[in-house]
Number of protein chains: 2
Amino acid sequence: MSVNVKRGRPPGMMDVARLAGVSHQTVSRVLNEHKNVSEQTRLKVRAAIAELGYRPDRAARALVTGTSKVIGVVAQNSSLYGPASMLTAFEEAAQATGFAVNVGSVRSLDERSITEAVERHLDQRVAGLVVIAPVASAGPALEHLPADVPLVTIDGDPERSSTLVTVDQVAGARAATQRLLDAGHRTVWHISGPSDWFDAAGRVRGWEDTLTEAGVEIPPLLTGDWSAASGYRNGQLLARLPDVTAVFTANDHIALGLLRALNEHGRRVPGDVSIIGFDDVPEAAYFTPPLTTVRPDFAAVAMATLDLLMAQVESGPAGVGARRTIAPELIERDSVAGPA
Amino acid sequence: MSVNVKRGRPPGMMDVARLAGVSHQTVSRVLNEHKNVSEQTRLKVRAAIAELGYRPDRAARALVTGTSKVIGVVAQNSSLYGPASMLTAFEEAAQATGFAVNVGSVRSLDERSITEAVERHLDQRVAGLVVIAPVASAGPALEHLPADVPLVTIDGDPERSSTLVTVDQVAGARAATQRLLDAGHRTVWHISGPSDWFDAAGRVRGWEDTLTEAGVEIPPLLTGDWSAASGYRNGQLLARLPDVTAVFTANDHIALGLLRALNEHGRRVPGDVSIIGFDDVPEAAYFTPPLTTVRPDFAAVAMATLDLLMAQVESGPAGVGARRTIAPELIERDSVAGPA
DNA sequence: GCCGAAATTGTGAACGCAAACATGCGTGCG
DNA sequence: CGCACGCATGTTTGCGTTCACAATTTCGGC
């Protein structure tokens, strides 16, 4: 397996063919695992490939086939734990199947930005597209793209997207809310994510539904923006209301901010107030106290996405949109107790 | 700006040329901003491009030029805040200059994994390579790659990498340690990152140097792995030593774990123990208490990287390795006070 | 031992673009 | 007035691969 040391362009199929004493087409066949190639020539070609250190040129292949082994991902350029986790999980999964991942981050998820990012990917002749589009405004951008490009949306609009993978936000929120109710709390407050996020909306719904079914009073909804800062701001308010004994926050970072606000006001967790978060960020176990939270399985989301995408890549964009929902899991730690 | 609704392949340069009444080469010249094109035909061509919704095929261009407008990034597939932040910051910067970013995540930063990732990128004919290689074992993988591919290493080995961008770990660690000393503490303990990380090593050195210069006793070094869990483990130990009054942790997550351990043992921060972290994760301001920490400017790292890379892309791999060091900034919050 | 089908290999084209080379035209200068 | 040079544009070639089709060989059955 000697390295090619010649100058100039790297070796091409022709060079391999010459060395192996066959035609370039035969080399192509070996490369693409065609059936009708004799074992003998296959070996000769393989040997020549190894000797020259030949590597097929992806660009040339993309040119003629009209598609590449690259998947374009459109994601928001943020350090939000959820989206970021999905992204890296997806990358890893895609690489395992021989696909490269092209990330087109986008500053905000408005229609224009997404459209641009999608078009950049289309220029690269990506084999498929994954859009992490958790907000409503992302919807329209995906309506008008070529129908023949495989597309899977993560956390997109359940009403529009044809092929969708989502975490079951409602179920997660229900589990959290119910857990708090079961602990004996009269009701449960909620600090939500931004209202235009589907994730946030789903968590709100799960929370409301559970409360309604329990026949319990529904406290006013507080709105955050996923940040610890917003949890802190809302916490300043909550800390002053003595009858607040249980809070479900839309994510762990909000919970962290809330924790600090509560702490500053001398309210103990879980002694005075119980809290459940969402996401299970790696640090959640080391909050003070360790946070009970809902863990979405991002790896599973990534798998499902890849799965759905590959199905389309292989057989043309699937007809009716396939859906895949990943059920999250409640992780019990120390931030929940009964009311005083 | 009507959308192309024709069947079959998207329009090519020929289609544009025909519509504009020129040759395809003229279209090419307009696209590449060649000088010798009259304003008049330039306009005609532009109009034709817009009317057809023509978009150049990157694959074809890559084939003929031998290079693409894609930058390959090799990074570890982890949710560590630092590397992840650099990655997204870099993506954004690259896109602004018209380059797409291909991420080749890698599960671990050993030589084999990195070599593979690099070769995948080379197959795609990337215009340049960025490797986020914070550990020693990543070095060898970069020795044997074609000399003509532009390469910038982030947080790589100062001894080997020719073109390198790093955060000035030593300076950051010095600032933190000095701040603690200035507050009146007799000495400063340190929980470091994994010893094979350059970042960790630099922080240890800055800490040691400062202590040495101050003529102060150097406590035994405690080692973590960047995780809150490791901060907690080491914290269990530290919390039992009454003479520990100041700790500099290698990152904010370790600080969080330490915070919890201290809290469990009834040691108040900053009353009994002062702490300074590193990274300034968005949540650091909402720890209890808000964490004083060192903030590396990841955006600046990304800019510098892109800068260095572009210089190489334009003029061939630069001769002697250019270096760029980004100075971090101490962010003062509430986790530091004088000794009791 | 001959025919046809299947298996194996080869030939030519095409993919969409940029580079090299070629052309035609005008303009300045001697 | 003619020549050379610069500008604007056109023509040709080839990048490395796959595809459609052709050519050759192999093999079984009768």
Q.
Rounded to whole Å, how long is the line connecting atom CZ of B:Arg58 with atom P of C:dG16?
A. 17 Å

(Q) More than 12 heavy atoms of other residues, nucleotides or ligands under 6.0 Å from CD of B:Glu143: yes or no? (A) yes

Q | Shortest side-chain distance from B:Asp57, nucleotide among D:dG10, C:dC17, D:dT17 | A | C:dC17

Q. Which heavy atom of B:Ser23 sits nearest a heavy atom of B:Ala17, and at what distance?
A. C-CB, 3.6 Å

Q. Taking it one step at a time, do A:Val130 and A:Val73 satisfy side chain to side chain contact (heavy atoms under 4.5 Å, CB included)?
A. CA-CA 5 Å; A:Val130 173; A:Val73 177; 4.2 Å; yes

Q) Closest to the B:Gln25 side chain: C:dG10, D:dT17, C:dA18? A) C:dA18

Q: Can you see which heavy atom on A:Val106 is nearest to which on A:Ala117, and at what distance?
A: CG2-CB, 3.7 Å

Q | Worked verdict on A:Phe90 versus A:Thr305 for side chain to side chain contact (heavy atoms under 4.5 Å, CB included) | A | CA-CA 8 Å; A:Phe90 182 78; A:Thr305 303; 3.8 Å; yes

Q) Does any donor atom in the side chain of B:Ser105 or A:Glu91 lie under 3.5 Å from an acceptor atom in the other side chain? A) yes

Q.
What is the separation between atom CG on B:Leu63 and atom P on C:dA18, rounded to the nearest whole Å?
A. 11 Å

Q: Check every strand shown and say whether A:Ser23 touches a base, only sugar-phosphate, or nothing at a heavy-atom separation below 4.0 Å.
A: base

Q) Within this structure, what is the CD1-to-P distance between B:Ile49 and C:dG16, rounded to whole angstrom? A) 16 Å

**Q.** Electrostatic pair B:Arg46:B:Glu33 at N-O distance under 4.0 angstrom
**A.** yes

(Q) Looking at B:His24 and D:dT12, is any side-chain donor or acceptor paired with a base atom of the opposite kind under 3.5 Å? (A) yes

Q | Stepwise side chain to side chain contact (heavy atoms under 4.5 Å, CB included) check, B:Val22 with B:Val45 | A | CA-CA 8 Å; B:Val22 299; B:Val45 171; 4.0 Å; yes

Q: Taking only the side-chain heavy atoms of A:Val64 (C-beta and beyond), determine which of C:dA18, C:dC17, D:dG16 contains the nearest atom.
A: D:dG16

Q) Checking all strands, does A:Met13 fall into the base, sugar-phosphate, or nothing category for heavy-atom contacts under 4.0 angstrom? A) base

Q.
So B:Leu306 and B:Thr97, do their side chains get closer than 4.5 Å, heavy atoms only?
A. yes

Q. Near DNA chain C, under 4.0 Å by heavy atom, which residues of residues 26-46 of chain B?
A. B:Ser28, B:Asn32

Q) Using the C1' atoms of the five pairs at each end, what is the angle between the end axes of the helix from C:dG1-D:dC30 to C:dG30-D:dC1, to 10°? A) 40°

